[in-house]
Amino acid sequence: MQLNKNSMSKSKKTSQSVSRKKPKFIRSALSIATSTMLASVAPVVHAASDSTWEVDSAILFYSETDRITAVEPVVKVRKEIGEDEYVGFRIVADSLSGSSANGAIATNSAQTFTSPSGSSYTAATGETPLDPSFHDTRIALNGEWETPLSKAIKGIFSINASSEYDYESYGVAANISWDFNNRNTTLVTGLAYNSDTVKPVGGAPTGLNTMSATKTTQGSNLNKTVTDILFGVTQVVSRNTLMQFNYSHGEDDGYLTDPYKILSVLDNNGNLISGAGQYLYEKRPTTRSRNAVYWKTVHKFSEDVLHLSYRYYWDDWGLNSNTIDARYRYELGSGHYLQPHVRYYQQNQADFYHYNLVDGSTPQYASADYRLGDMTTTTFGIKYGIVLDKGQEFTARVESMKQSMGGSNQGPDVDAIILQLGYSLKF
Amino acid sequence: MVQISNKSNSLSLEWKQGFWATQFNAMASPCQILIDSDDQTQSKSHALHLAKIAQQEALRIEKKFSRYRTDNLIYQINHSKGRAVHIDEELAGLLDYATSCYNISDGLFDITSGILRQLWKFDCSDNIPTQAEISPLLNNIGWNKVVWKKPYLTLPEGMEIDLGGIGKEYAVDRSAQILNSVTTHSFLINYGGDLFVNKPRKNNQGWMVGVENPEHPLSDNRLASVTREPDKLYELSQGGMATSGDSRRFLLKEGIRYSHILNPKTGWSITQAPHSITVIANTCTEAGILSTLAMLQEKHAAEFLEEQNVIYWCR
């Protein structure tokens, strides 16, 4: 080891420094202290690089007041199979039950309806008609392969399938991202295609025809395709701030109508007409062209992290919406954190949304599905998490959601409670 | 939906004719591990493995000793309100070391001086604290006021410890120890300008290290992010190298340049020292302590380093 005196920088001996006490030689003492310290603890290889499996699991409970209840367990497994190369698998099971608004309006007398399976149910005076036969179990599987395509380009390729008793869906997706500008900028493009089959119970009713047990149908297996394309850029703005901007475009084609939704037909006095044609099956266009722009920023304070996002959505059904979402991860110390969440969603109705139809009107398309009407949804939630050693994390999230109808949409508010428990592990 | 990737754990790897250059971020600094090799394909996965190990170690040390976190022993100590805190083996080694350095330097190296940062914010402004502000804080500084009886540390209320002065250098040396236990390759560790080289490269040469010239961007702090050309190249074959002083962190008032290095005895920033001092020693930690103590000698810095018989550069 060569540690000779270097002549590149000679100090100028000023008169002051000459008269000063000669500096002490302390290097040996420092050397000994340093080597003692470095020898006090044996070096240990902490190889997080060895953990090649990641498992995420969660169970979600969703409950609307007097309406739908859902339980949804999810398990995700991801394994590193090579350098920056991963395969992943996800299984989701949904179990829904309860009552769902059928689209008809509340009236001042009791109303009786025929359910898709042919049985009947009655809504009491002044009550929004709810179809109580709503129950479903869905299983969805997703497989994913993530691989570097070059030094700066990464590809994610996935296939998915889901099945429930009246709906099947199969899809493929590809997502390419490119890091450049010292990895401070990432460009992303994604393409996804899904082919779905709708198999309504009792067949798909002919749109805008009278609701009846002996309805005319337009088939029992109807197809629908969904194609989505996305362009995005993620930019590291500063050491602590990341910003993302996406544009996505989607095209739906095929049977887009809800076979179980109906509309009430009123006379000029606002009363349900008498006789046949009181309730008509809804009918939606067979194409839908969707667009969304999305902006998100993540800022890390010394410990805490703020996620803020805004999304604007619009489509050629005339529906548009604004979503603002904010989460703040507050570190409590020792691996505990709390994350409050606020979400505000505001939607303007589709052109063919009608709270009800008026007798004699002959619209081309019509739906009274409250989810296509004017609506504001506010969500408040909080998540608690604890990050444990060995790559384990527990989370619990509770949220309260309120959907308030607006404009011509005179339906009742929908309140829901969401509870989610999660556990993840790396090994 | 596109997920924002977790960039904090990202790591890059690049082949540079004769060695692998890997990069990641830790301790608020760009970190580099260079691994000597004459066979690109054979050494790639080994190089990546070494980089990941070093990254883990750097992140571990950052997490364990950062004063900005609330989930570590440093936080517990600084919020102990005068109660004794049980110290683990590794921190005990560092506290023993801090004690030795405090004694050897006659109190110039003091890990309790960090509270002065409440007053001194080195943002290149002219915001200089007054003596009236500094004086009360001095009561809460002094390693001699601390009771350190292994394994218990009792810090008087109002005092704090801060290992920021040696953390990066310590991480370099620890990472070097670990890499040495798993590789026979020559490597260079560079955590934000603090370096260590384990042994000469296969061609018997050292690693060429640029010693930055801090003079260039003095007048305009907007230029601070501009990459500056090193003004000296030095061949480091073995040992540690550390630099104290930083042209990007200072205060300037009435023509006096206040360095971000503070004298724990007076509470004042040093003004007469070179802008930066780079020292080469057996380990990075030792180089770091020597360069810091040299800064605190102010205009006698070079004289002090001459006496220590080390290779150094003063700017």
Side-chain angles (χ1 to χ4, degrees), chain A residues 1-6 8-14 16-17 20 22-27 29-49 83 151 175 177 183 186 188 190 230 232 234 236 239 242 244 246 294 296 298 302-303 331-336, chain B residues 1-2 4-5 7 10 12 14 28 45 48-49 52-53 56-57 60 68-71 75 89-90 92-94 96-97 100-101 104-105 173-174 177-178 180-182 232 237-239 280-283 285-286 289-290 293 297 299-314:
Chain A
M1 182 147 174
Q2 50 140 74
L3 287 179
N4 300 319
K5 186 178 281 196
N6 187 283
M8 272 192 249
S9 177
K10 285 278 181 199
S11 66
K12 285 185 191 132
K13 305 269 178 187
T14 60
Q16 195 186 356
S17 69
R20 207 171 152 265
K22 196 179 171 216
K24 271 201 297 187
F25 177 73
I26 59 173
R27 187 172 160 218
L30 281 176
S31 243
I32 293 165
T34 312
S35 24
T36 308
M37 184 268 292
L38 288 172
S40 68
V41 178
V44 178
V45 177
H46 295 266
S49 50
E83 194 183 304
K151 204 179 132 223
N175 194 306
S177 61
R183 307 186 73 169
T186 307
V188 181
L230 173 141
T234 302
V236 177
R239 188 189 295 289
L242 213 58
Q244 183 184 5
N246 287 349
Y294 176 80
K296 175 176 179 172
V298 180
S302 61
E303 274 301 300
E331 294 291 340
L332 299 168
S334 309
H336 300 262
Chain B
M1 239 321 113
V2 177
I4 291 189
S5 65
K7 299 221 175 195
S10 72
S12 73
E14 197 180 345
S45 64
L48 188 69
H49 178 62
K52 281 185 177 174
I53 289 174
Q56 272 323 107
E57 184 64 1
R60 181 190 72 84
Y68 297 110
R69 297 187 70 100
T70 55
D71 58 354
Y75 181 87
E89 198 68 17
E90 185 178 24
L94 280 165
D96 283 344
Y97 182 61
S100 300
C101 292
I104 293 166
S105 68
D173 286 333
R174 272 268 171 250
Q177 283 184 323
I178 291 178
N180 261 328
S181 71
V182 294
K232 289 251 166 34
S237 308
Q238 192 173 39
I280 291 178
N282 294 319
T283 60
T285 310
E286 193 185 329
I289 290 280
L290 283 168
L293 291 179
Q297 310 300 319
K299 57 188 170 191
H300 307 293
E303 197 185 336
F304 166 81
L305 289 167
E306 288 288 332
E307 184 60 31
Q308 308 312 320
N309 200 20
V310 288
I311 301 172
Y312 69 92
W313 292 264
C314 292

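Here is how names work: the chains are called A, B, and so on, in the same order as the sequence lines, proteins then strands, and each is numbered from 1. Remember, it's a predicted structure, so these values are computed and weren't measured experimentally.
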Query raised in the report: Shortest non-hydrogen contact from A/Gly335 to B/Asp71?
Result: N-CB, 3.8 Å
Query raised in the report: What residue among B/Leu290, B/Thr285, B/Asn282 forms side-chain contact (heavy atoms from CB on, under 4.5 Å) with A/Leu30?
Result: B/Leu290
Query raised in the report: How close do B/Glu307 and A/Pro23 get, heavy atom to heavy atom, and via which atoms?
Result: CG-O, 3.3 Å
Report summary line: Honestly, the part of B/Ser105 sitting under 4.5 Å from a heavy atom of chain A is neither
Report task. Side chain from CB out, backbone as N, CA, C, O: work out which of these in B/Leu293 comes under 4.5 Å of a heavy atom of chain A, or both, or neither. Result -> side chain
Query raised in the report: Stepwise, does the side-chain contact (heavy atoms from CB on, under 4.5 Å) test hold for B/Asp96 with A/Thr36?
Result: CA-CA 9 Å; B/Asp96 283 344; A/Thr36 308; over 6 Å; no
Query raised in the report: For B/Leu305, does its backbone N or O pair with a side-chain atom of A/Arg27 as donor and acceptor, under 3.5 Å?
Result: no
**Report entry** A/Leu332 versus chain B, the contacting section by heavy-atom distance below 4.5 Å
**Finding:** backbone
Query raised in the report: Roughly how far, to the nearest 0.5 Å, is CD1 of A/Ile26 from SG of B/Cys101?
Result: 8.5 Å
Query - Heavy-atom contact with chain A under 4.5 Å, split by part of B/Leu94 - result: both
Report summary line: Nearest heavy-atom contact between B/Tyr97 and A/Ala33 is CD1-O, 3.4 Å
Query raised in the report: Which residues pass the side-chain hydrogen bond (donor to acceptor under 3.5 Å, both in side chains) test with A/Glu331, sequence neighbours left out?
Result: A/Arg329
Query raised in the report: So which of B/Gln177, B/Glu286, B/Glu89 has the biggest tally of heavy-atom pairs under 4.5 Å with chain A?
Result: B/Glu286
Query raised in the report: When rounded to the nearest 0.5 angstrom, what distance separates CZ in B/Arg174 from CE in A/Met37?
Result: 7.5 Å
Report task. Check each atom of A/Lys24 against the heavy atoms of chain B and say whether the ones under 4.5 Å are side chain, backbone, both or neither. Result -> both
Report summary line: Residue set satisfying ring-ring contact (aromatic ring centres under 6.0 Å, His included) with B/Tyr68, at least two apart, ordered chain then number -> none
